[in-house]
Undergrad: 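Pasting a structure below so you can have a look.
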Protein chains: 2
Amino acid sequence: MAKNGNISASVIKRLPRYYRFLGELEKQGVERISSRELSERMKLTASQIRQDLNCFGGFGQQGYGYHVCSLREEIGHILGVDKEYPTILIGAGNLGKAIALHINFETRGCRLVGIFDANPRLTGETVGSVAIRHTDEIEAFCNEHHPVVAVLCIPKANTQEIADKLVGLGIRSFWNFSHYDLTIDYKGIEVENVHLGDSLLTLTYRTNQLDSE
Amino acid sequence: MAKNGNISASVIKRLPRYYRFLGELEKQGVERISSRELSERMKLTASQIRQDLNCFGGFGQQGYGYHVCSLREEIGHILGVDKEYPTILIGAGNLGKAIALHINFETRGCRLVGIFDANPRLTGETVGSVAIRHTDEIEAFCNEHHPVVAVLCIPKANTQEIADKLVGLGIRSFWNFSHYDLTIDYKGIEVENVHLGDSLLTLTYRTNQLDSE
DNA sequence: ATAATATCGTTATTTATTTGACAAACCTCG
DNA sequence: CGAGGTTTGTCAAATAAATAACGATATTAT
């Protein structure tokens with residue numbers, strides 16, 4: 001059924017948005033939707049929606065459209081929302097704490113099992129329901145709990161070093177918020193760099209363009 | 001000099017990264033760099049770098065390469081880092097506070113001049129050097145200080161309503177962190193939606209793919 | 001049951017983006 | 001100051017992505 005070969009990054013980036021919109025529709029009690037109607041709500045073309053979805057299989061039905069609830073489940077399954085990848089977060093500064101509290105890891109296939117910070121003053125404090133441990137404990141913790149995903153909220157100077165160490169401890173995916181472009185040379189390691197500063201700068205550029213028109 | 005017509009979004013998204021890398025090079029004391037060498041450091045093609053930069057003008061010199069310092073300044077100027085757009089932040093929860101403290105607005109053409117929250121308990125508290133005001137004060141504040149950029153760190157339910165109101169008060173650019181796809185129908189308004197949850201989900205997808213190979 | 005309508009899945013076309021190629025321009029060194 | 005070597009800016013080709021077109025199939029109404 002799933003003709004999941006190698007899907008382009010462009011398609012993958014749109015999947016979470018489909019998933020969100022379908023969730024909203026489900027909440028609103030909408031049972032079925034056509035690619036045309038969904039395209040109007042999401043402000044993209046019906047053709048694109050049909051083509052995106054067909055990368056993974058024929059979830060719709062001619063003359064009817066898509067069943068909201070089951071399409072959402074299919075996409076969720078493709079994305080892996082039903083996984084429970086043990087996840088650790090390194091760096092419990094302002095941003096680290098906010099991410100820990102603000103992101104619902106559970107609904108995105110991840111389970112936040114540990115938070116670490118180099119500052120001993122933070123040790124023992126809890127964020128949400130997770131205690132902050134000292135970074136010295138990372139190795140022992142990984143050997144016991146085998147986390148797979150690491151969220152990096154640390155200064156850029158240490159990022160590469162810490163990431164390399166974590167790879168050695170079994171981490172396979174990095175969600176990197178540090179002000180540094182993380183690249184891992186080992187194969188089979190995934191990195192998602194989030195550069196909030198870059199995001200703001202592109203907005204500044206566009207704000208700037210508005211002025212000069 | 002600047003043949004700044006209409007630049008594609010793909011190019012714009014890469015500019016902040018060039019800016020960052022050039023900043024690092026400058027810090028390291030590198031005076032000049034060729035597109036080939038920069039391409040190796042940034043893991044993209046030299047051809048792309050040359051073509052990207054040429055959207056804005058010929059900043060390099062044959063046989064020499066690019067002068068790191070002045071190229072950085074040029075890109076910075078294009079992005080608008082030397083602007084001082086008055087910026088307000090709505091929603092001083094965990095994420096709002098973290099953004100206020102963690103992002104260096106000044107180096108990105110923005111000046112954080114006000115923070116607002118609907119919770120009266122937060123009123124008077126300061127984040128960094130900016131006091132939190134009650135959301136009731138937004139209108140008066142905008143009339144006095146004329147902010148241009150708004151950072152939204154609020155629940156999705158209120159986002160569209162608040163954004164529409166802010167447009168009426170003169171806001172022209174939104175940096176939206178709420179779990180909602182903001183779209184503004186008025187022309188001349190820019191929106192940068194940041195969906196951290198979507199970012200994590202794409203990572204989960206890739207983590208998932210690692211498993212099934 | 002049949003016709004009319006809606007809508008998908010898929011192929012073809014168009015558009016956008018990336019990569020490659022190369023002449024012109026400049027630097028560097030003797 | 002001139003030759004040899006670099007490296008750009010730009011044009012052309014290749015690749016990727018988005019859009020449009022359309023036959024096939026299901027739904028719905030009569």
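Fair warning: this is a prediction, and the values are worked out from it, not measured in the lab. The chains referred to below are lettered A, B, ... by the order of the sequence lines, with proteins before strands, and numbering in each begins at 1. Values reported hereafter were calculated over all heavy atoms of this structure, with side chains retained and with hydrogens, waters and symmetry mates removed.
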Undergrad: Which residues pass the side-chain hydrogen bond (donor to acceptor under 3.5 Å, both in side chains) test with A:S35, not counting sequence neighbours?
TA: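 Listed in chain order: A:R50.
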
Undergrad: Under the rule for side-chain hydrogen bond (donor to acceptor under 3.5 Å, both in side chains), what residues qualify as partners of A:E24, not counting sequence neighbours?
TA: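 Testing A:E24 for side-chain hydrogen bond (donor to acceptor under 3.5 Å, both in side chains), a comparison that skips the adjacent residues, returns B:K156.
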
Undergrad: Cation-pi between A:R111 and A:Y85: NZ/CZ under 6.0 Å from ring centre and within 45° of the ring axis?
TA: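 Cation-pi check for A:R111 and A:Y85: fails.
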
Undergrad: Residues in ring pair (Phe, Tyr, Trp, His ring centres under 6.0 Å) with B:Y19, at least two apart?
TA: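 For B:Y19, no residue satisfies ring pair (Phe, Tyr, Trp, His ring centres under 6.0 Å) once neighbours in sequence are set aside.
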
Undergrad: Just wondering, more than 12 heavy atoms not from B:E161 lying within 6.0 Å of its CD?
TA: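 No, not enclosed.
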
Undergrad: Between residues 26-49 of chain B and DNA chain C, which residues have a heavy-atom gap below 4.0 Å?
TA: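 Close to the strand are B:R32, B:T45, B:S47, B:Q48.
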
Undergrad: Can you name the side-chain hydrogen bond (donor to acceptor under 3.5 Å, both in side chains) partners of A:H145, sequence neighbours left out?
TA: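 Partners of A:H145 under the side-chain hydrogen bond (donor to acceptor under 3.5 Å, both in side chains) test: none.
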
Undergrad: What integer distance in Å separates B:E74:CD from D:dT8:P?
TA: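 Rounding to the nearest Å, CD of B:E74 and P of D:dT8 are 16 Å apart.
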
Undergrad: Between B:N6 (CG) and C:dT15 (C1'), how many Å, whole number?
TA: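 Computing the B:N6:CG to C:dT15:C1' distance gives 14 Å.
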
Undergrad: To the nearest 10°, let me know how far the axis at one end of the helix from C:dA1-D:dT30 to C:dG30-D:dC1 is tilted from the axis at the other, five pairs an end.
TA: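 That helix gives 20° between its end axes.
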
Undergrad: Is there a donor-acceptor pair under 3.5 Å between the side chain of A:S178 and the backbone N or O of A:T159?
TA: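 No, the answer is negative, given that no donor and acceptor are paired below the 3.5 Å cut-off.
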
Undergrad: With the threshold set at under 4.0 Å for non-hydrogen atoms, list the residues of residues 14-24 of chain A touching DNA chain C in residue-number order.
TA: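 Within residues 14-24 of chain A, no residue comes under 4.0 Å of DNA chain C.
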
Undergrad: Return the SG to CG distance between A:C55 and A:L15, rounded to the nearest 0.5 Å.
TA: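 CG of A:L15 is found 8.5 Å from SG of A:C55.
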
Undergrad: Check side-chain hydrogen bond (donor to acceptor under 3.5 Å, both in side chains) between B:E40 and all other residues, then give those that pass, not counting sequence neighbours.
TA: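 In terms of side-chain hydrogen bond (donor to acceptor under 3.5 Å, both in side chains), with neighbours along the sequence ignored, B:E40 is linked to B:R36.
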
Undergrad: Does any pair with a residue in residues 155-180 of chain A pass ring pair (Phe, Tyr, Trp, His ring centres under 6.0 Å), and if so which ones, sequence neighbours excluded?
TA: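 Residue pairs with at least one partner in residues 155-180 of chain A: A:W175-A:F177.
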
Undergrad: May I ask you to list the residues of residues 61-69 of chain B, by number, that have any heavy atom positioned under 4.0 Å from an atom of DNA chain C?
TA: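 The stretch gives B:Q61, B:Q62, B:G63, B:Y64 as the residues lying under 4.0 Å from the strand, ordered by number.
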
Undergrad: Calculate the interatomic distance between B:Q51 atom CD and D:dC11 atom P; express it in whole Å.
TA: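 Atom CD in B:Q51 sits about 10 Å away from atom P in D:dC11.
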
Undergrad: May I have the distance from B:F59 (atom CZ) to C:dA25 (atom P), rounded to whole angstrom?
TA: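 Rounded to the whole Å, the gap is 20 Å.
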
Undergrad: Reading DNA chain D from 5' onward, which residue's closest nucleotide shows up sooner: A:D52 or B:G60?
TA: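 Whichever sits nearer the 5' end wins; that is B:G60.
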
Undergrad: Once salt bridge (Lys or Arg N to Asp or Glu O under 4.0 Å) is applied, do any residues pair with A:D181, and if so which ones, sequence neighbours excluded?
TA: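 A:D181 satisfies salt bridge (Lys or Arg N to Asp or Glu O under 4.0 Å) with B:R17, B:R20 once adjacent residues are dropped.
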
Undergrad: Can you check whether B:L182's main-chain N or O pairs, donor with acceptor, with B:N193's side chain at less than 3.5 Å?
TA: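 Looks like yes, one N/O pair under 3.5 Å.
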
Undergrad: Provide the full list of salt bridge (Lys or Arg N to Asp or Glu O under 4.0 Å) pairs with a residue in residues 165-175 of chain B, sequence neighbours left out, each pair given once.
TA: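 Checked against salt bridge (Lys or Arg N to Asp or Glu O under 4.0 Å) - neighbours excluded - the pairs reaching residues 165-175 of chain B are A:D211-B:R172.
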
Undergrad: Whole angstroms only, please: what is the CG-C1' distance between A:N54 and D:dA24?
TA: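 The distance from CG of A:N54 to C1' of D:dA24 comes to 14 Å, rounded to the nearest Å.
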
Undergrad: Respond yes when some side-chain nitrogen or oxygen of A:R50 is under 4.0 Å from OP1 or OP2 of C:dG9, and no when none is.
TA: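 Answer is no, no contact under 4.0 Å.
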
